[in-house]
J.: 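Please see the structure below; I have some questions.
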Amino acid sequence: MSELNKALTIILDDRDRIELARILMDDDADAALAFLKRHVKGKARELLEGG
C-alpha cells in the first residue's frame with residue numbers, strides 16, 4: 001500500500017502569530033489545543049476526507 005504525503009498550510013495574521021509565540025513560550029497545552037481547533041480542525045478534516 002502506497003502512502004501519500006499531504007501538506008497543510010495555515011495562514012496566520014499578526015495577532016495569531018503573537019498568540020502562537022505566547023503559547024509556545026508559556027508551554028500552554030490548553031491554549032495550544034484551542035489554537036489548533038480554531039485554525040486546523042476544518043483543514044485537517046478536509047485532508048482526511050480526501051480534499
J.: Is it true that Val40 and Leu20 fall in one hydrophobic cluster, defined by side-chain heavy atoms closer than 4.5 Å?
T.: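 Yes, because Val40 and Leu20 connect within a single hydrophobic cluster, where side-chain heavy atoms sit under 4.5 Å apart.
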
J.: What's the separation between atom CD in Glu19 and atom CG in Asp13, rounded to the nearest 0.5 Å?
T.: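 Output value for this atom pair is 9.5 Å.
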
J.: Quick check for you: to the nearest 0.5 Å, what is the distance between Ile10 atom CD1 and Asp16 atom CG?
T.: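 Nearest 0.5 Å value for the CD1-CG distance: 10.0 Å.
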
J.: Under the ring-ring contact (aromatic ring centres under 6.0 Å, His included) definition, can you give me all pairs with a residue in residues 7-36, not counting sequence neighbours?
T.: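 Of all non-adjacent pairs touching residues 7-36, those that pass ring-ring contact (aromatic ring centres under 6.0 Å, His included) are Phe35-His39.
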
J.: Sequence neighbours left out, what pairs pass ring-ring contact (aromatic ring centres under 6.0 Å, His included) with at least one residue falling in residues 12-31?
T.: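 Sorted pair list comes back empty.
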
J.: Residues in salt bridge (charged side-chain N to carboxylate O under 4.0 Å, His left out) with Arg17, at least two apart?
T.: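 Asp14.
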
J.: Please output the side-chain donor-acceptor pairs of residues 23-33 that fall under 3.5 Å, not counting sequence neighbours, one pair per line with the distance.
T.:
| unit_1 | atom_1 | unit_2 | atom_2 | d |
| --- | --- | --- | --- | --- |
| Asp26 | OD2 | Arg22 | NH1 | 3.1 |
| Asp28 | OD1 | Asp30 | N | 3.4 |
| Asp28 | OD1 | Ala31 | N | 3.0 |
| Asp28 | OD2 | Arg22 | NH1 | 3.4 |

